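See structure below.
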Amino acid sequence: MADFLTSQTEDFSKWYNEIVQKADLADYSPVRGCMVIKPYGYTLWENIRDALDRRFKATGHVNAYFPLFIPESFLQKEAEHVEGFSPELAVVTIGGGAELEERLIVRPTSETIIGHMYARWIQSYRDLPLLINQWANVVRWEMRTRLFLRTTEFLWQEGHTAHATRDEAMEETLRMLGVYTDFAMNEAAIPVIPGRKSESEKFAGAVASYTIEAMMKDGKALQSGTSHFLGQNFARAFDIKFLDENNAQQLAWTTSWGMSTRMVGAIVMTHGDDQGLVLPPRLAPIQVVIVPIWRKDEERAAVLEAAQQLHARLKDAVRVELDVREGFTAGWKFNDWEMRGVPLRIEIGPRDVANRQVMLARRDIPGREGKIAASWDGLETTVAGLLATIQQAIFQKALDFRESHTWDVRTYDEFKAAVETGFARAWWAGDAEDEARIKEETKATVRCIPTEQPGGSGVCFYTGKPATEMAIFGKAY
RNA sequence: CGGGGCGUAGCGCAGUUUGGUAGCGCGCACGGUUCGGGUCCGUGAGGUCUAGGGUUCAAAUCCCUACGCCCCGACCA
């Protein structure tokens with residue numbers, strides 16, 4: 001066990017705080033609740049961003065940028081929206097040394113200002129659908145913050161679309177939930193449960209909210225992406241109207257969806273272990289690190305030359321780094337790169353050079369079992385194959401963990417036991433008040449009503465009423 | 001905003017009870033040694049002890065005030 005890192009079982013929360021800093025993902029800022037994302041963490045975010053952006057473009061969206069400042073009056077146009085966000089707004093009252101006529105909100109999200117613009121841009125059904133995404137920072141004045149999971153300022157993307165019909169908007173809402181699901185599973189290797197939010201958990205101003213929920217290694221749930229069907233709420237508030245084919249005025253139907261730097265926290269807490277981070281190969285800033293090993297000076301030249309040649313061969317295919325740092329032992333470097341979560345390590349020493357081979361060490365399998373010898377011949381193929389294997393393996397491991405920490409429960413007692421260590425899955429027919437009571441008593445909430453339902457019907461574990469849907473409950477971040 | 005903890009070298013801490021020369025480990029610099037799982041030895045640099053006020057011959061230490069950070073709770077992607 002690593003003595004430079006608190007173990008997960010000893011104190012998961014402490015483990016998280018330590019590894020985020022020690023792996024150089026982020027640091028605390030001089031401003032309370034804010035964080036500095038360091039280059040290694042930012043590269044990870046860039047990879048997340050690129051993988052999402054590709055998917056947005058592939059589904060017909062374009063990027064744009066809307067202002068950071070929003071007139072205070074805009075927020076107030078949608079009653080539920082302003083009520084939901086007002087406690088956590090940062091407000092600018094002075095500009096250029098003078099009191100402002102109208103106070104400016106630092107955006108907590110951009111539905112209002114984008115709604116305002118959409119009203120001007122949309123006149124005809126021919127202008128629809130309007131499919132815009134923006135990459136931006138937002139500010140929410142949170143009471144309690146944690147690096148990546150909840151910070152006062154965070155980075156995200158927010159998609160905002162407008163449609164001619166209810167069905168189209170709903171289709172878009174679910175399409176983007178599907179995009180998030182695909183991203184989480186195939187890029188981040190995080191098994192997620194897509195589903196609908198309960199009334200009390202839905203976005204302020206939405207008709208319905210959808211989410212992907214992931215289970216962290218401490219059994220708690222992390223909402224990792226959301227997609228909202230806004231109905232005509234914002235269209236009504238901002239007067240987003242268009243003329244349809246029959247020359248009749250119609251209100252548009254809108255959606256919004258977002259994924260944030262919280263995803264970094266999700267990756268850390270889904271895959272990480274007592275040695276440090278375990279990054280999914282597809283998103284890892286460094287996929288492969290080559291650690292050369294030598295004993296004497298005469299060995300050094302041969303080993304280094306071979307390592308450089310392998311590095312040159314691999315670098316077009318994978319993100320590979322050659323660790324030539326002096327003054328660090330090989331063992332130290334092994335630990336260092338493991339802490340940073342690099343999926344695959346190539347060790348090459350004099351013995352390997354003599355045999356024209358390398359040792360490959362998998363980050364996801366600790367110790368000697370994760371090491372295999374591989375020939376220099378076809379190393380590109382071996383490495384690429386192994387990275388794909390690791391990607392799949394850590395997904396499977398996370399899925400197995402979630403399934404072994406999810407219980408079908410029929411009674412409240414079973415429920416209470418389940419949410420102590422993971423998720424409870426149960427027939428559910430309760431309302432917001434029932435949910436609030438459950439939360440009061442157990443700290444667990446409805447994480448989502450999964451899109452995939454078993455079908456049929458059952459008896460609600462809490463109210464005893466007949467139920468047609470199953471819900472996932474858990475304690476949430 | 002309530003409860004708790006903390007603020008001393010870049011980082012982690014001791015020293016505060018009982019006021020009297022500011023210390024340890026890691027890191028950093030240099031030299032040597034080592035290198036297949038966090039080498040070892042030596043030398044060295046580095047401090048307005050969070051800030052302000054008070055008590056005292058004398059304050060990191062006692063008193064008052066302020067600020068900041070972390071953790072736990074109520075709100076949230």
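What you see is a predicted model, and the numbers here were worked out from it, not measured in a lab. First the proteins, then the strands, lettered A, B, ... as listed; each starts at 1.
When the C1' atom is used for both B:rA59 and B:rG20, the distance is 10 Å, rounded to whole Å. When the P atom is used for both B:rA60 and B:rU48, the distance is 13 Å, rounded to whole Å. One C1' atom belongs to B:rA29, the other to B:rC69, and the distance between them is 31 Å to the nearest Å. The C1' atoms of B:rA22 and B:rA58 are separated by 16 Å, rounded to the nearest whole Å. Comparing the C1' positions of B:rC64 and B:rG23 gives an interatomic distance of 29 Å, to the nearest angstrom. Look at the C1' atom in both B:rC41 and B:rG4: the space between them is 45 Å, to the nearest Å. For B:rC13 and B:rU39, the P atoms lie 23 Å apart once the distance is rounded to whole Å. Annotation: B:rA74 and B:rG12 have their P atoms spaced 29 Å apart (nearest Å).
Looking at A:Lys333, its side chain has no donor and acceptor atom pair within 3.5 Å of the base of B:rG36. Scanning atom types as modelled, one donor and one acceptor separated by under 3.5 angstrom connect the side chain of A:Arg345 and the base of B:rG37.
Other residues, nucleotides and ligands contribute more than 12 heavy atoms inside 6.0 Å of the CZ atom of A:Arg325.
The residue A:Thr211 sits apart from the nucleic acid: no heavy atom pair falls under 4.0 Å. A:Gln223 comes within contact range of the sugar-phosphate backbone alone, with a heavy-atom separation under 4.0 Å but no base atom that close. Looking at heavy-atom distances under 4.0 Å, A:Leu149 makes contact with a base. Looking at heavy-atom distances under 4.0 Å, A:Ser86 makes no contact with the nucleic acid at all. Using a 4.0 Å heavy-atom distance criterion, A:Phe154 is classed as a base contact. A:Met259 comes within 4.0 angstrom of no nucleic acid atom, judged by non-hydrogen atoms across all strands. Contact annotation for A:Gly258: no contact, since no heavy-atom pair falls under 4.0 Å across all strands.
Ring centers of A:Tyr462 and A:Tyr412: under 6.0 Å apart, within the cut-off.
By the 30° and 60° cut-offs, the orientation of the rings of A:Trp332 relative to A:Phe328 is tilted.
Listed pair A:Thr329 / B:rU39 meets the phosphate criterion, a side-chain N or O lying under 4.0 Å from OP1 or OP2. Here A:Asn17 reaches the OP1 or OP2 of B:rC71: one of its side-chain N or O atoms lies under 4.0 Å away. For A:Lys439 and B:rC75, the shortest distance from a side-chain N or O to OP1 or OP2 is below 4.0 Å.
The separation between A:Phe328 atom CZ and B:rG37 atom C1' is 16 Å, rounded to whole Å.
With salt bridges taken as basic N to acidic carboxylate O contacts below 4.0 Å, none links A:Lys315 and A:Glu321.
Put simply, the side chain of A:Leu283 does not reach to within 4.5 Å of the side chain of A:Leu279, judged on heavy atoms.
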